[in-house]
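In what follows, every heavy atom counts, from backbone to side chain, and hydrogens, waters and symmetry copies are set aside. Proteins come first, then strands; the chains are lettered A, B, ... in the order of their sequence lines, and each starts at number 1.
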Amino acid sequence: MAIAPERVPVFRRESFRARVLSWRQQSQWFDVAYRVGRERRGQIALVILGVFLICALFAGQIAPYGYDEQLRGAKLLSPSWSHPFGTDEISRDLLSRIIYGIRVSLFVGAGSIAIGMPIGVTIGYTAGYFGNWTDAIAMRLIDTMLAFPGILTALVVLAVLGTGTREVAITLGIGAVPVFARLARGQMLQEKERDYVMAARTLGAGPVRIIMRHVSINTLPPLMIQAALYMAFAVIAEASLSFLGLGASRPTATIGLILNAARPFLTLGAWWFILTPIAALALMLIALNFLADAILEATSPYVRNK
Amino acid sequence: MGSFLIRRLAQGIVTVVLASILVFFVMRLIPGDPALLLVGTDASAEDIEQVRERLGLNEPLVQQYFDWLAGAVRGDFGPSFTKGAEVGNLMRVALIPSAELAVAGYVFALAFGIPLGIVAGLKPGGPGDYAATGFTMFTLGIPNFVLGIILIWVLAVLLGWLPITGRVGIDEDPVEALRFLVMPMIAVGAGTAAVLARFVRASIMETLNQDYVRTARAKGLRERTVVMRHAMRNALIPVITVAALQIGFLISGAVIVEVVFARPGFGSLLIGGVVGRDYQLIQGMLVVLVTVFVVVNTLADVAYGLADPRIRVS
């Protein structure tokens, strides 16, 4: 019996699903992003970070007022339709200031990763791959840097660079170097014993090619998780430093500066003045932590392919 | 055990020395002449030269480092360029309030975090587990200085239970001192408490799945004996390392929390140093903080080695 013409599979047009599948096969980045998007925590993280990213990129278009625009007769107003987040002590719209503040937080978070991750990972891979004295020197240096816990590294570097948003980003980027170097070295020590590295070497691949094309792809997920977690740390550190007066200077809008300005007004009952910046910060931090969780879930071989 | 101790001690000393070298030379990158900071801008060139000579700023850098290190070992960190006092004396004054806060915060973290983790780990999915998860989520989103602000708002402003800012010495009025200490203590310790709770929970859940726990149950021991005598002992050993590592972050967090609560101490001193670019002050304080951190970690490793003989061998 002949097959009915409508039952013959049609291969002319690639379906969207098939195209997604082929992208996933071609790029590990896309595959991880796809899997993160299928996790509940990943979805929450992507939505929050997406909204914040749009706020950061288009702050000028989204914010109803300028970050430093003083309005007439609008001192310390509680939330209302015209000022959903209220206004601050010198009559500025808090919604606008928080939107600009998110821009600073994300800039510092992303900037510190962009500076620290490539340098740290390169040091870590090199130390792990070559071993011996390269490793010994690099690890001594990294252990020494890690002996300055938390925000103390930042204080050392800021004393040299001076204060400011860009300086904070550079500072936290320097602080990221030992963190990523240590992780990348550990990954490299594990991976370089694997058969595929031996195979690549047998085929005549040099260290650069082995590290860049073979090992780096297999060690990507832990580094991505660390990047999300370090970004959360950088956002906290930026807020802390600008709260202390070591980050951006007035009248720039950052979460830390808004909180610093709000503190004396707590006793006057200006609850909106602290509540909204805290909420924005908390959402950002929880989203980044969720993102790290989702990447782990999405890339862990135990839960993968389920 | 002896060689383990010596090896660990040597490692610690090397780290402290390297850290002091790093801080010393990085601090010299600060632009400006410290002698000028010390004598003021209207001093004559001769005066400045004299001060430079007295501070040893005309010596080669490496010589300066060794001179400074020799002093630092004896507790002499040189004069502060901006505060008009010896760095050593400034730190001695700041030490008590800061140590008080750090110790109180740490005790809070241990006393709150470990029991919470135990309750959560013994009954995953129970109310204690939910409380632990909720608390962890809360501290993930609320950094310590923000928690400080929230505490001030709720406990001091809305409820009026506690004084807002400042400090009273324990020697002056112990009750009042504690009232001033409660909020900073929670703000400093909460993050560490959450880390400990999460770690203890995981450690207990893992231990309860071990064969020897099943054996203990199978031979008819009471659940309490199984948990207290068999599971808990093993589950809490790895906590030592995590708890010690947290001390560094606790100290660096205390620096900020002190400023939130306007408490005197290392925090305001260090931040004043950074703003004033007073490298003598910064390098002295950082070397002391790093030393504390390294000593604590070394002690933790030794304690871990004592508690678990397997560690000493590897």
Specify which of [options] makes the most heavy-atom pairs with chain B at under 4.5 Å.
options: G245(A), A239(A), A232(A); result: A239(A)
options: L141(A), L152(A), I236(A); result: L152(A)
options: I151(A), L244(A), I286(A); result: L244(A)
options: V235(A), D143(A), L246(A), L158(A); result: L246(A)

Under a 4.5 Å heavy-atom cut-off, does chain B meet the side chain of F233(A), its backbone, both or neither?
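F233(A) has no heavy atom closer than 4.5 Å to chain B.
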
Under a 4.5 Å heavy-atom cut-off, does chain B meet the side chain of L146(A), its backbone, both or neither?
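Just its backbone gets close to chain B.
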
Checking I150(B) now: which residues fulfil side chain to side chain contact (heavy atoms under 4.5 Å, CB included) with it, not counting sequence neighbours?
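Testing I150(B) for side chain to side chain contact (heavy atoms under 4.5 Å, CB included), a comparison that skips the adjacent residues, returns I278(A), I142(B), V146(B), V154(B).
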
Side chain to side chain contact (heavy atoms under 4.5 Å, CB included) with F52(A): which residues, sequence neighbours excluded?
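I48(A), I102(A), L106(A), L283(A), M284(A).
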
Any chance you could lay out the side-chain hydrogen bond (donor to acceptor under 3.5 Å, both in side chains) test for S20(B) and Y65(B), step after step, and finish with the verdict?
CA-CA 9 Å; S20(B) 73; Y65(B) 170 74; 2.7 Å; yes

What part of [X] is in contact with chain A, defined as an atom under 4.5 angstrom from a non-hydrogen atom: side chain, backbone, both or neither?
X: V16(B); answer: neither
X: M137(B); answer: both
X: I149(B); answer: both
X: L270(B); answer: side chain
X: L29(B); answer: both

Between the main-chain N or O of F243(A) and the side-chain N or O of N260(A), is there a donor-acceptor pair closer than 3.5 Å?
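Pair found, side chain donor or acceptor close to backbone of F243(A).
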
Is a side-chain N or O of R277(B) found less than 3.5 angstrom from the main chain of A159(A), in a donor-acceptor match?
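It does hold such a pair.
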
May I ask you to check whether over 12 heavy atoms, not counting those of R198(B), lie within 6.0 Å of atom CZ?
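Open: at most 12 neighbouring heavy atoms sit under 6.0 Å from CZ of R198(B).
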
Should we say atom CD of E206(B) is surrounded by more than 12 heavy atoms from elsewhere, each under 6.0 Å from it?
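No - once you tally the heavy atoms of other residues, nucleotides and ligands closer than 6.0 Å, there are 12 at most.
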
Ignoring hydrogens and angles, write down the donor-acceptor pairs under 3.5 Å from the side chains of residues 243-256 of chain B, residues two or more places apart or on other chains.
from    : atom 1 : to      : atom 2 : distance (Å)
S252(B) : OG     : F249(B) : O      : 3.3

Do F273(A) and L266(A) come within less than 4.5 Å of each other through their side chains, counting heavy atoms only?
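Result no, sub-4.5 Å side-chain heavy-atom pair not found.
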
How about F77(B) and Q280(B): do any of their side-chain heavy atoms sit closer than 4.5 Å?
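A side-chain contact under 4.5 Å is absent here.
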
How long is the gap from CE on M183(B) to CG on L147(B), to the nearest 0.5 Å?
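Interatomic distance, M183(B) CE to L147(B) CG, rounded to 0.5 Å: 10.5 Å.
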
Aromatic rings W68(B) and F24(B): how do their planes relate, parallel, tilted or perpendicular, breaks at 30° and 60°?
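Correct class here is tilted.
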
Residues of residues 165-185 of chain A contacting chain B, heavy-atom criterion under 4.5 Å, by residue number
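Under the 4.5 Å heavy-atom cut-off, nothing qualifies.
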
With respect to chain A, which residue among G273(B), G141(B), A19(B) yields the maximal number of heavy-atom pairs within a distance under 4.5 Å?
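Among G273(B), G141(B), A19(B), the one with the most close pairs to chain A is G141(B).
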
